[in-house]
Structure formats: C-alpha cells, structure tokens
Student: 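My structure is below; once you've seen it, I'll send some questions.
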2 protein chains.
Amino acid sequence: MAREMIRQGGRSARIQQAVHAATQALLAEVGRAAINVPMIAERAGVTPSTVYRRWGDLAQLLADVAAERLRPVADPEDTGSLEGDLRAFVLQYAEEMSSKVGRGLMRDVLAETGSDAAASRCCSYTSAHLETIRARALGRGEAGFDIDAAVDILIAPICYHILFSDRDPTPEYVLSLLARFRALTGESPVRAIHRKKSARVA
Amino acid sequence: MAREMIRQGGRSARIQQAVHAATQALLAEVGRAAINVPMIAERAGVTPSTVYRRWGDLAQLLADVAAERLRPVADPEDTGSLEGDLRAFVLQYAEEMSSKVGRGLMRDVLAETGSDAAASRCCSYTSAHLETIRARALGRGEAGFDIDAAVDILIAPICYHILFSDRDPTPEYVLSLLARFRALTGESPVRAIHRKKSARVA
DNA sequence: CGCCTTAATGCAATTTATTTGCGTTAACGG
DNA sequence: CCGTTAACGCAAATAAATTGCATTAAGGCG
C-alpha cells in the first residue's frame, strides 16, 4: 500500500551503475575540474534531470562515486604477523591516498555538503580493515591492539598531511608512525574517551 | 613598464573586503547550502562577473573567506607553563573546529579544487601557534617539544574525527591526546622523516 | 500471470548561473 | 600630472539547474 519506499532493482540499478561508470570514466579522461552534470548524463545515456533528482548536485554525486571507489575490494594482506600486517596495510594506505587520484577522492568525499554519509563510509572501511587485522592477530595467539588508537596515531596524521598538503607521507614517515604506535602499545594505552557522534547542538 | 603585476590598493581592496564581508554575512544568515555567487555579489554591491573573474567560482571564494576567518586574531593564551599553554590551545582548537561553523570552514578550505593555498594557510596558522608556545616555553627555561609530533599526535586526530565525523572530540578525549603526547615526550621522540612536499609525479 | 499503485525516469519549458566582449574607471609608475 | 593597463561594470550570449507533466516500469497483491 503506502509502503513502497525506495526501489532498488532493474532500471533504477542500471542507471545508477551507468552514471557511476560514466563519472569514473570522465574523471579519468578529462579530470575533476572539467567535469559537470550534463556531461556525465550524456555519457551515461540519461537526462541531466535524472542525475539532479537522484544525487542533488555534482558534489554529492562525486562524493558517492568516490566513496564507492574507496571501498576495499579485498582484505588486507596476510603477512603472518600483526607487525607485518599493520605495516603492509598502512604503507599501502598512505601510498594510495597520497596519489593524485587518492587525494582527489578524499576531497570529494569530504566536500559533500548535505550529509556525512560518504565520509562515514570511508571511515568505517578503514576501521573494518584494522579490525580484520586485529582479529587475525588474536587468532594467531598474538596480542590485539586498540583500533581507535591505531586510527589516531597511524591513519589520522597521514590524512592530515595529505589533505592540508604540508608534507608528503613517505614510506619512512609511515614507518616512523608505526614505531610510535609500537612505543605506545603495551604501556597504558589511551582509551577511547569520547561520545559517539550524537546531536550536536551548537 | 611591463612590471605592473597585481594591484592591491584602493578600489580593488575595498571590493575584496566587501565581498568577504558579504559572504560572511550571508553564511551566517542563510547558510552555506543556500548561498551563491549572484547573491554575494548583490550584497557586496558588485557585479557577479567581478566575483567570477577574481575568485573563479564559489568554492574558491568560500575557501578564501574560510581561510581568512580561520586566521588567528591573537596569540595563544599564556598560562605560565608549557603544559598549560598546550592544554588551553588544543582544547580551544578542538572546541572551535568541532562546532558547526568550524567544521564548515574546514570543509570549505579543503574543497578548493584549483590550488592548496587555503589549506596550506590554515595549516601554517596552527604550526605558528605551536611555535609560539614552544618559544615561550624555551624562554621560561622549560624544555621545548617537536612541533611536527604535536601536529601528528594532537591536531591530526582531532581534524580526522571532525572531518570524517565518526566521533566527537570531547574535552576528555583531547586531554587523553595530551596525555599520550606527554607519554612520548622525553623518550626517543619520533623525528620528522619526510620530504617537504615537492613535485609529486603520479 | 495480470492488475494496480506509484517511484523513477524522460522530455521540454523555465529559471538561474556562468561566461564573454567591450567600453570605462582608477591604481601605479613615471 | 600623464600614460599605461589591471580591474571593473554592463549587457549579451551561453550553459547549467529546476520544474511541471506525461510516460515507464518496480514491486505488491490477488
């Protein structure tokens, strides 16, 4: 009856796929600066109004596409030890994100004005990977680690330097972050003291 | 002769000031989502084409205005000790940046597509404050600290959580970051191993 | 399977934003 | 004070975004 809600199958899904594909293709061909909605719509074989109605504007479409591209395709590499897994993951993370396209994706994800959906998705991808690595370590009988601390000490600095482009996260720098994380682990780790994001008043 | 370059005085400066003021006023009145270039131009008493020619587009204008607003108006508070100065500064930083407007400014700064000018400016404001605090500490005969490490451990996590909006940087959380920073200071601090951002090839 | 409801789309008209050419104003260096 | 030209205003032209209405096709139900 009145409970139709969102449609997901058939044409709707095909169009979403076509628009995503067209956007990615154009991003690669002409670059983010020279892209616009009518261009994407034409390439995808739909009318611009369809894109505007489904995504709102270019920024939200780009954020959606970027979040999709940042979705991991595989679990982090299993090197046989927590130490190795963490190093491999963070080194790869830094390399991918500091590339031209990685930085572009990151900025598109954050530029979304309407909601934080895309940014939250990316954030949880990273956490999920770290949790996978921790679960794997625990399965081996190794000690685990604090995911939140890993995000703070390893991931956050990398993102900061990429976004504000004051420094380049070289492998040496990433290794130094790992050394710092190791130095803090085993002592009294800083616990996660914060509310989960709720209604922010001001 | 051929060395006229950019004009800075008189009308040009007045217009820049008027446009900045109009943008800030409209941001406060109608919000970032409902703003556009013609609206700003009318409020500032100039034609839209002037704004487009000087700033390029709305995103770059907003980035410029946001960077301007994020420019510190005063030195960080002098509490009498490095410990207190650092705590006061980071607590205030987290509070200002995590507010609705602070988060908006941060995103506007990062949304700038053309260059990283605005982002770099903001970044250097923070470093400058930390340097002020360090110089003050050294003047008192206290030990200094590594600015880069402070950015990595104190500032970066706060920015990360604000931008990706997965957590709220509460005062308790900020204090825990300060505790972590203290734990690392005095031991073998991680040195700044990275090149300054140069030509990135890929 | 066929019918019904309605979300999602296409199309076209309208509105709004952006770009551009050209004449005018005024900053800056003699 | 004068000349040069960057920066601006104005208005026309182009392009993008919005919107009303007709059409298509998901998904639920008998």
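Chain naming here is simple, since letters A, B, ... match the order of the sequence lines and numbering starts at 1 in each.
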Student: Which of residues 24-40 of chain A sit near DNA chain C, with a heavy atom under 4.0 Å from it?
Tutor: none
Student: Using atom CD1 of I15(B) as one end and atom C1' of dA27(C) as the other, report the distance to the nearest whole Å.
Tutor: 12 Å
Student: Tell me whether the centres of the aromatic rings in Y93(A) and H129(A) are closer together than 6.0 Å.
Tutor: no
Student: Compare the minimum distances between each of dT9(C), dC8(D), dC10(D) and the side chain of T50(A), then state the nucleotide with the smallest one.
Tutor: dT9(C)
Student: Side chain of R11(B), heavy atoms from C-beta onward: which of dT9(C), dC10(D), dA27(C) has the nearest atom to it?
Tutor: dA27(C)
Student: Between atom CZ in R54(A) and atom C1' in dT9(C), what is the gap in whole Å?
Tutor: 10 Å
Student: Please compare P48(A) and T47(B) by the position of their nearest nucleotide in DNA chain D and report the one closer to 5'.
Tutor: T47(B)
Student: Could you check whether the rings of H20(A) and W55(A) sit parallel, tilted or perpendicular, using 30° and 60° as the cut-offs?
Tutor: tilted
Student: Do R107(B) and T113(A) pair up side chain to side chain, a donor and an acceptor below 3.5 Å, judged on atom types alone?
Tutor: no
Student: Does R121(B) form a salt bridge (Lys or Arg N to Asp or Glu O under 4.0 Å) with E68(B)? I'd like the steps, not just the answer.
Tutor: CA-CA 9 Å; R121(B) 278 171 64 190; E68(B) 186 63 27; 3.1 Å; yes
Student: Send over the distance from D57(A) CG to dT18(D) C1', rounded to a whole Å.
Tutor: 13 Å
Student: Starting the side chain at C-beta, find the nucleotide from dA8(C), dG10(C), dA26(D) nearest to R14(A).
Tutor: dA26(D)
Student: Between dG10(C), dA7(D), dA11(D), which one does the side chain of R53(A) approach most closely?
Tutor: dG10(C)
Student: Given atom CG of L58(B) and atom C1' of dT19(C), what is their separation to the nearest angstrom?
Tutor: 16 Å
Student: Specify the separation, in whole Å, of atom CH2 of W55(A) and atom P of dT18(D).
Tutor: 15 Å
Student: What's the shortest heavy-atom distance between A88(B) and E77(B), and which atoms?
Tutor: CB-OE1, 3.8 Å
Student: Does the side chain of Y173(A) pick up a donor-acceptor pair with the side chain of D148(B) at under 3.5 Å?
Tutor: no
Student: How about T47(A) and T50(A): does a side-chain donor come under 3.5 Å of a side-chain acceptor?
Tutor: yes
Student: With distance as the sole criterion, do the side chain of S49(A) and the base of dC11(C) form a donor-acceptor contact below 3.5 Å?
Tutor: yes
Student: Check the distance between dA17(C)'s C1' and Q60(B)'s CD and give it to me in whole angstrom.
Tutor: 17 Å
